[in-house]
Amino acid sequence: MPDFSNPHLIEFAKIGDSGLGYISVAENETLPFAVKRIYWTYFTPEDVTRGGHAHYELEQILLAVAGKIIVTTEILSGEKKEFVLDKPNVGLFMPKMCWHEMQYTHNAVQVCIANMEYSEEDYIREYNVFKK
Ligand code: TYD
């Protein structure tokens, strides 16, 4: 059983084969939370680092449906990890209270599956506040 207070990779099933191509599916029955919102980011310049925040309540699954995303995470215990997302069927579960930063290849398309609506009040944008 995965520890949902820790960031970790989730592998989605691949339907199909190399001759036909693949379908992967995310549905509430098999996700760690009920989906409220899906958004995506793209055309991020390679010299830009996005993220740089944590969330009080938001939980997300990040996917690189194209290209490659490098995600660094830090949880409240101080444990830091680096994840490379470069497979369309592998997502990263991002728990609440997890500082994260992302860097993208020029062709990367990131899909975020989230458990709640966008709320600026849910962000912790100061690292010092997160560490306290
Ligand atoms: P942010 O979540 O900081 O992006 P990232 O984690 O990819 O660096 O959001 C960037 C800006 O976009 C910020 O001003 C908030 C705004 N925003 C919305 O207006 N709606 C949304 O759904 C999201 C996720 C962000």
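Remember, it's 1-based here, ligands and their atoms both numbered in the order they're listed. As the structure is a prediction and not an experimental result, all values here were calculated from the model. Numbers here simply count residues along the sequence, with the first being 1.
- Under the ring-ring contact (aromatic ring centres under 6.0 Å, His included) criterion, Tyr39 pairs with no residue at all, not counting sequence neighbours.
- Within a 6.0 Å radius of NZ in Lys87, other residues, nucleotides and ligands contribute 12 heavy atoms or fewer.
- Not a single ring-ring contact (aromatic ring centres under 6.0 Å, His included) links Tyr22 to another residue, sequence neighbours left out.
- Near ligand 1, residues Arg37, Tyr39, Arg50, Gly51, His53, Met102, Tyr118, Tyr123, Arg125 come within 4.0 angstrom through at least one heavy atom.
- Remark: His8 pairs with Phe4, Phe93 by the ring-ring contact (aromatic ring centres under 6.0 Å, His included) rule, at least two apart or across chains.
- Aromatic ring orientation, Trp99 versus Phe130: tilted (interplanar angle from 30° to 60°).
- Judged purely by atom type and a 3.5 angstrom limit, Asn89 uses its side chain to pair as donor or acceptor with the backbone of Phe12.
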